[in-house]
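Keep in mind it's a predicted model, so treat the numbers as computed, not measured. Chain identifiers are assigned alphabetically (A, B, ...) following the order of the sequence lines, protein sequences preceding nucleic acid strands; residue numbering begins at 1 within each chain.
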Amino acid sequence: MKFLKTLGYLLGLPIILIAWWWIATSGEPNFFVPTPVQLFETFIETWIGDRILTDVLPSVMRLVIGLGIAIVLGIVLGLAVGLNRTVRAVTEPVFEFFRALPPPVLVPVLMLLVGINDGMKIAVIIFGCVWPVLLNTIEGVRSIDSVQTETSKSYGLSGFNRIRYQVLPSSTPTIMAGIRQSLSIGLILMVISEMFASSSGLGFTIVQFQRSFAVPEMWSGIVVLGLIGVALSFIFQWCERRVLRWYHGLKEVENAV
Amino acid sequence: MTQTIQKPAPGRVKKTVPSKGLPTWLLGLFGIIGFLGIWELMPALGLVKAKYLPPASEVLVALVGDFGLTAFWVAVGHTMLAWAIGLAVAVLTALVLGLVIGMSPFLRRATNSTIEFLRPIPSVALIPLAVLLFGVKIESSLLLIIYACFWQVLIQVLYGVADVDNVAMQTAKSYGFSYLQQIRDVIFPTMLPYLMTGIRLAASVALILAITAELIIGSDGLGKEIALAQSGGAIAGMYALIVATGLLGLAINVITRIVEKRILAWHPSVRGEVVS
């Protein structure tokens, strides 16, 4: 009974929405909006097969590589900068500027500097995603409880050990918030870098469909991007729960008081 | 509700004021000068071709030149118009819907799966749709901006409503507060910091999407100018425009932070920030 209730909550609204979409589109055919059945069929036709290998996989690989490098780079640099007050003060305005720069404008720049290839696309993703991680890491390191720092110092923790056992754990919640922001930026940049100058990839294919007025195919491409977004967010939530289990536990205890 | 108002330990206040050495802003200025210096030297030393990365001085001259042009300010105006309308619509709809959903446990459970599914869909996925529906008009930009910003704000509002203290809510109910009174006197004060965070994030996201839409779709604004400068081979001009978008983003960040601080001056999180 409880299971059914949960299922109802989970699927109720989506089913209502799809039914509504079905009824609204099945009356008179609309050029811009395919019916659910039409979309489903096109989706299978278009994306199950070669396209996964030629378009989806390369795009996702570039995204994963770019994000991975950006996250590692952001955390390492963030720790280096955050732990030293002078370095932090010197670099902060420049970093803030780069974060404020809308990442898509980097596409034309890197097209010039790197050329039009996979490296450019990965570079765009790295360059866009590194700032939220970097600045959040700095922020996390900066806001470490000073009592904790003094305690760890009096226990003789220093250097690598202090980073491993005090600095990293206490800044993880902030770092994870930064990573969450960089995920959506990375996905945006993956699509945009392919829309610009490219001959393959998801972004390219979707624009191609739109230009040839293949509307159901275009919608199916949007669905693919949506699914990638949803998958990324679920993977992230799973990782976050594991990494921050102690933190959520702590919060629950605090809330219970 | 877990906010504990901390009295700063005497040692802590002193520590955060960079008493020894140079003031923070001067160090920051050194950082900027150093960055511009490296940029200036890179093409001069032949690390990057000057054709692809003009020296900083050249770009800054082009930027100052832009400031004198009406066309530049018209482009900025177009970008900011899309930004402002999109952000306003997204914030208003998200606030209203967030309150309605957040205040009803039934709706919160029923909408959760749909929200979690729709939220991560990248708004740039809608670019082809926007082009088909609206072409190169401002509506295209608005579609993208509103979609992206709506979720940012909605999630924060939902968190904010969920954070309302149960005892306070029960008290308000037993005093016979009406629905509107509950919102105004109990929910709103708790939710406001969350809402402000949502607006701050949405403000920069809105700029990103405004520029993106102009860059790719070609609706009027700074993004379109960047694309034009690039395809026209005006490389220094392109860099100048990019720096201009960065400055615009910076201005938006600074302004939203100031507004946030002003509005939340009474809130422990901000009061704490002033001290430390």
>> Quick check on the structure: residues of residues 203-211 of chain B within a heavy-atom distance below 4.5 Å of chain A, by number.
In response: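 Answer by number: B/Leu207, B/Ile208, B/Ile211.
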
> Hey, mind stepping through A/Leu101 and B/Thr245 against side chain to side chain contact (heavy atoms under 4.5 Å, CB included) and telling me if it holds?
Replying inline: CA-CA 6 Å; A/Leu101 202 64; B/Thr245 60; 3.9 Å; yes

Where do [X] and [Y] come nearest, in terms of heavy atoms and distance?
X        : Y        : value
A/Met218 : B/Leu132 : SD-CD1, 3.8 Å
A/Leu10  : B/Ser113 : O-OG, 2.5 Å
B/Gly246 : A/Ala100 : O-CB, 3.7 Å
B/Gly28  : A/Pro93  : CA-CG, 3.5 Å
B/Arg109 : A/Thr6   : NH2-CA, 4.0 Å
B/Val124 : A/Met195 : O-CE, 3.9 Å

> Which one of B/Leu118, B/Leu126, B/Val131 has the most heavy-atom pairs closer than 4.5 Å to chain A?
Replying inline: B/Val131

> In terms of heavy-atom pairs under 4.5 Å with chain A, which of B/Gly31, B/Pro120, B/Gly249 leads?
Replying inline: B/Pro120

> How would you list, in number order, the residues of residues 202-210 of chain A that have a heavy atom less than 4.5 Å from chain B?
Replying inline: A/Ile206, A/Gln210

>> At a 4.5 Å cut-off on heavy atoms, which part of A/Phe213 comes close to chain B: side chain, backbone, both, or neither?
In response: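 Side chain only.
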
>> Is it the case that atom OH in A/Tyr9 sees more than 12 heavy atoms from other parts of the structure closer than 6.0 Å?
In response: yes

> Yes or no on side chain to side chain contact (heavy atoms under 4.5 Å, CB included) for B/Tyr52 and A/Val109, after CA distance, side-chain angles and deciding distance?
Replying inline: CA-CA 8 Å; B/Tyr52 297 143; A/Val109 174; over 6 Å; no

>> Less than 4.5 Å to any heavy atom of chain A: does that hold for the side chain of B/Phe35, its backbone, both, or neither?
In response: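 Only the side chain of B/Phe35 comes within 4.5 Å of chain A.
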
